[in-house]
Amino acid sequence: MTLRVYNTLTRRKEPFQTIEPGKVRMYVCGPTVYDNAHLGHAVSLLVYDIIRRYLEHKGYEVRHVMNYTDVDDKIIQRAQELGEDPNALAERYIQAFEKNMRELGVLWPTVQPRVTREIDWIQRMVQGLLEKGYAYEAAGNVYFDVTKDEDYGKLSGRKLEDLRAGVRIEPDPNKRHPADFALWKAAKPGEPWWESPWGPGRPGWHIECSAMNLHHLGEQIDIHGGGQDLIFPHHENEIAQSESYTGKEPFVRYWMHNGMLRVRGEKMSKSLGNYITVDEFLAQHEPDILRMILLNAHYRSPIDYDEPQVQQAKQALARLRNAMRPAYPNAPGAAQEVLERLQAQIQATREGFEAAMDDDFNTAAALAHLFDLVRAINQARDAGATDEELKPAQDLLRELGEGVFGLHLQPQDEQASAADIGPLMDLLLEVRAELRKKKQFDLADRIRDRLAELGFRIEDTPHGTVWRREA
RNA sequence: GGCGACGUAGCCAAGUGGUAAGGCAGGGGCCUGCAAAGCCCUGAUUCGCGGGUUCGAAUCCCGCCGUCGCCUCCA
C-alpha cells in the first residue's frame, strides 16, 4: 500500500514519492516569537509531529526543519512597548515555545533556523531575484514583482486582477502592483537592521522561509506544511520567490495545510482574543488530551475546541489506556478460540491502521482500528487471557498508539514507582480482603477511598483485586 | 465582491457511486456487598434543503439555505 497525500496545490490526493528514495525533506512554518504559544500553535506542532512519526514508521528518514521568525514588525512593536531589546524578547519566547514543545512531547526538528542567523542566505536570494528581474528597489526597499511571475496565484487560486480589486488597505506607494510584497524592508529609526546593497534594513516576512529551505533542505523539497491561514499570501509568495530564484519547479512536491482550531465557530487567534495558551491548557489537562482531540478528526478539518470535546477525548484516552492493563490476577489462560480471534484482530488492526494512515493520514479512521483492537484485548482479558497471551496485542497497541500517535498509554514513571510500593500495597489489599470477607465493608471502603485520595485506584474484579496509580 | 472549505445520530467524527466505521454521552443486561473497569445488547430506513444523472448517491451535477477560513499579521 502506498501513501497518498493531499496536495493543496493540485487539490488532489497524490501518491507520495520523495525526491530522494527513503528520505523526506519536510519544512514546517514555525511561529513568530512575540508572545506565548496558544493551542492553535500546538495543533500545528502536533499535526506535523504525527505526520512525521508515521513517515518514520514507514521507514523514511525525515529531515524536518522548523523556523523561528525572530525579527518582524510585531516583535519590534512589542519590544518597544515593553522597553525590551527585540532580540532578548524573541529569545525569551523561543525558550517558552520550546518548553511547550517538550511538554507536548513532539519529536524535535532536525534544524531550527532563525531569521536573524540566515541574513546572508536571504540577501543572496534577494540579490538573485533583482538580477533576474523579478524584483525592484524603491526607497531602500526591495519588492517582488508579481507581474513577472507567470503563474503567481497558483497555490491559492487567485488571479492578479482579483487581488488588485480586493485590496483593503491603502496601497504602498512604492509598490508597482498592490500584490507586490517586500523582500527587504528599509530600517526605520530604532529598528534592528543589517547592512545590505540596498541600504540598512531587514528581511520581509516571506523571503525567510524560501532562504531557509534553500539553505537547509535544497532547491526542491518534499513536504511543506503550515496552517491553512498561511496559504495566502505567505506560501504563495514563497513559491513565487523560490521558483523564480532557482528556475526549478516544483519548489514543493506536497503542500500540506492543517485546519484551524476554532472557538465557538471562530478561528482561535491572537487578534480575536479568543485563545487559550498552551500553558493554560496544560495547567488543567495533560497533553495527550489535545492529541486525542486532533486524532479524532482529519488534520485538514477545522476543530472546535470546547469543554465537551475535552471530556470526550479524556474518556476515549482512558479507554485506550485501560486496554494496556495487565491480565486479571491468577488468569487461567484463554481458550484457543479466543486467542485466535485476538490474533486475527491484531492482523486486521495493523492492516486497517496503515491503510487509513496511508490515505492522507486519516487518523480518525486509524484510531477506530485501534479501538477495535482495544475491544478484542478486553474481551480476551475477560476470557481469562494471561499477560503473555495479551502481550502481542498490547505491544501493537503501544507501537501504534505511542510510536505513531505519540500518546502515552503506559507512563514510565508510573511503572517505576509502582514497583517500589508493590509489597506495601499487597499488604493493604490483604487486610482489606479479610475485612470484606468479614463483611466489614465500611472499613474496606475506607481503605479504598483513602487510597483513592492518595492517587491509587482499587478495583475488585471477579478474579481478584487490582490496583493502579491514577494521574 | 473574489477564492476556498464545510454541513453525517444528543455530542465529536470516518466514509466521496453499491446500500451508514469508531469514540463520548444515554438506556437495558452480565459481573459486584457497593463502586470502578470490562463485556453483551441498544441508536441515523438516513447523511442541510430542493431538483437532476444513474439499475443504484451521503458520495456525481445544478440551485438554494447555513457556517467558517483567506483576500491585512496569524499555525
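Values reported hereafter were calculated over all heavy atoms of this structure, with side chains retained and with hydrogens, waters and symmetry mates removed. What you are looking at is a predicted structure, and each value in this text was computed from that prediction instead of being measured. Below, chains carry the letters A, B, ... as their sequence lines are ordered, and counting in each starts from 1.
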For this session: Looking at every strand, decide which applies to A:Arg300 at a 4.0 Å heavy-atom threshold: base, sugar-phosphate, or nothing.
Result: nothing
Problem set entry | Partner of A:Phe181 under ring pair (Phe, Tyr, Trp, His ring centres under 6.0 Å), chosen from A:Phe232, A:Tyr143, A:Phe144 | A:Phe144
Problem set entry | Residue A:Glu266, side-chain heavy atoms: nucleotide from B:rC73, B:rG69, B:rG33 that is nearest | B:rG69
Problem set entry | Residues A:Asp229, A:Lys267: salt bridge by 4.0 Å N-O rule | yes
Exercise. Counting any heavy atom closer than 4.0 Å, what does A:Ala364 reach on the DNA or RNA strands: base, sugar-phosphate only, or nothing?
Worked result: base
For this session: Report yes if a side-chain nitrogen or oxygen of A:Arg319 is closer than 4.0 Å to either non-bridging phosphate oxygen (OP1 or OP2) of B:rC39; otherwise report no.
Result: yes
Exercise. With a 4.0 Å cut-off on heavy atoms, is A:Arg432 in touch with a base, just the backbone sugar-phosphate, or nothing at all?
Worked result: base
Problem set entry | Face-on cation placement of A:Arg300 at A:Tyr6 ring, 6.0 Å and 45° thresholds | yes
Seminar exercise, completed: Partner of B:rU53 under the Watson-Crick or G-U wobble criteria, both distances under 3.5 Å, comes out as none
Problem set entry | Face-to-face stacking of A:Phe441 with B:rG33, centres under 5.5 angstrom, angle under 30° | yes
For this session: Tell me what A:Met268 touches on the nucleic acid: a base, only sugar-phosphate, or nothing, going by heavy atoms under 4.0 Å.
Result: base
Exercise. The side chain of A:Asp382 lies closest to which of these nucleotides: B:rG23, B:rG38, B:rA37?
Worked result: B:rG38
Exercise. With a 4.0 Å cut-off on heavy atoms, is A:Leu230 in touch with a base, just the backbone sugar-phosphate, or nothing at all?
Worked result: sugar-phosphate
Exercise. Taking only N and O in the side chain of A:Lys267, is any of them less than 4.0 Å away from OP1 or OP2 of B:rC70?
Worked result: yes
For this session: Would you indicate what A:Gly30 reaches in the nucleic acid, counting non-hydrogen atoms under 4.0 angstrom: base, sugar-phosphate, or nothing?
Result: sugar-phosphate
For this session: Could you check whether A:Gly226 gets within reach of a base, just the sugar-phosphate, or nothing at all, counting any heavy atom under 4.0 Å?
Result: sugar-phosphate
Problem set entry | Residue mapping more 5' on RNA chain B - nearest nucleotide basis, A:Ala297 or A:Ser269 | A:Ala297
For this session: Please give the nucleotide sitting opposite B:rU46 as a Watson-Crick or G-U wobble pair, both distances under 3.5 Å, or none.
Result: none
Exercise. Base, sugar-phosphate alone, or nothing: which one does A:Ile293 contact when heavy atoms must sit under 4.0 Å apart?
Worked result: nothing
For this session: Return no unless some side-chain N or O of A:Arg448 is found under 4.0 Å from OP1 or OP2 of B:rC34.
Result: no
Exercise. Using purine N1 to pyrimidine N3 plus N6-O4 or O6-N4 for Watson-Crick, or N1-O2 and O6-N3 for G-U wobble, both under 3.5 Å, which nucleotide pairs with B:rG1?
Worked result: B:rC71
Exercise. Taking the side chain as C-beta and beyond, is there a heavy-atom pair between A:Glu208 and A:Ile122 under 4.5 Å?
Worked result: yes
Exercise. Does A:His177 reach the main-chain N or O of A:Ala179 with its side chain, forming a donor-acceptor pair under 3.5 Å?
Worked result: yes
For this session: Step through it carefully: locate the ring centre of A:His257, locate the ring centre of A:His235, and say whether they are under 6.0 Å apart.
Result: yes
Exercise. Ignoring hydrogens and geometry, is there a side-chain-to-backbone donor-acceptor pair from A:Asn296 to A:Met292 under 3.5 Å?
Worked result: no
Exercise. So which nucleotide from B:rG23, B:rC71, B:rG4 ends up closest to the side chain of A:Phe232?
Worked result: B:rC71
Problem set entry | Pair partner, B:rG38 [Watson-Crick or wobble, under 3.5 Å] | B:rC30
Problem set entry | Comparing A:Gly157 and A:Gln309 on RNA chain B - which has the more 5′ nearest nucleotide | A:Gly157
Exercise. Under 4.0 angstrom, heavy atoms only, what part of the nucleic acid is A:Lys74 near: base, sugar-phosphate, or nothing?
Worked result: base
Exercise. Ignoring hydrogens and angles, are the base of B:rG22 and the side chain of A:Asp372 linked by a donor-acceptor pair under 3.5 Å?
Worked result: no
For this session: Have a look at A:Asp72 and say if it touches a base, only the backbone sugar-phosphate, or nothing, with a 4.0 Å heavy-atom cut-off.
Result: nothing
Exercise. What nucleotide, of B:rA37, B:rA13, B:rG33, holds the atom closest to the side chain of A:Arg325?
Worked result: B:rA37
Seminar exercise, completed: Checking N1-N3 plus N6-O4 or O6-N4 for Watson-Crick, or N1-O2 and O6-N3 for wobble, each under 3.5 Å, the partner of B:rG7 is B:rC65
For this session: Output yes when at least one side-chain N/O atom of A:Asn362 is less than 4.0 Å from OP1 or OP2 of B:rG15, else no.
Result: yes
Problem set entry | Length of the CG-P vector between A:Leu155 and B:rG69, whole Å | 20 Å
For this session: Tell me what A:Leu261 touches on the nucleic acid: a base, only sugar-phosphate, or nothing, going by heavy atoms under 4.0 Å.
Result: base
For this session: Respond yes when some side-chain nitrogen or oxygen of A:Ser301 is under 4.0 Å from OP1 or OP2 of B:rA14, and no when none is.
Result: yes
Exercise. Within the structure, does a side-chain N or O atom of A:Gln379 lie under 4.0 Å from either OP1 or OP2 of B:rC40?
Worked result: yes
Exercise. Between A:Arg78 and A:Glu84, is there a salt bridge with N-O shorter than 4.0 Å?
Worked result: no
For this session: Identify the nucleotide, in any strand shown, that forms a Watson-Crick or G-U wobble pair with B:rG17, with both distances under 3.5 Å; if there is none, say none.
Result: none
For this session: Consider the side chain of A:Arg375, meaning its heavy atoms from C-beta on, and name the nucleotide among B:rG23, B:rA75, B:rA37 that approaches it most closely.
Result: B:rG23
Problem set entry | Short side-chain N/O contact to B:rA75 OP1/OP2 from A:Asn258, under 4.0 Å | no
For this session: With heavy atoms under 4.0 Å as the rule, sort A:Asp460 into base, sugar-phosphate or nothing.
Result: base
Exercise. Within less than 4.0 Å of OP1 or OP2 of B:rG38, is there a side-chain N or O belonging to A:Asn322?
Worked result: yes
Seminar exercise, completed: From the candidates B:rG22, B:rA14, B:rA37, the one with an atom nearest any side-chain atom of A:His298 is B:rA14
For this session: Could you check whether A:His257 gets within reach of a base, just the sugar-phosphate, or nothing at all, counting any heavy atom under 4.0 Å?
Result: nothing
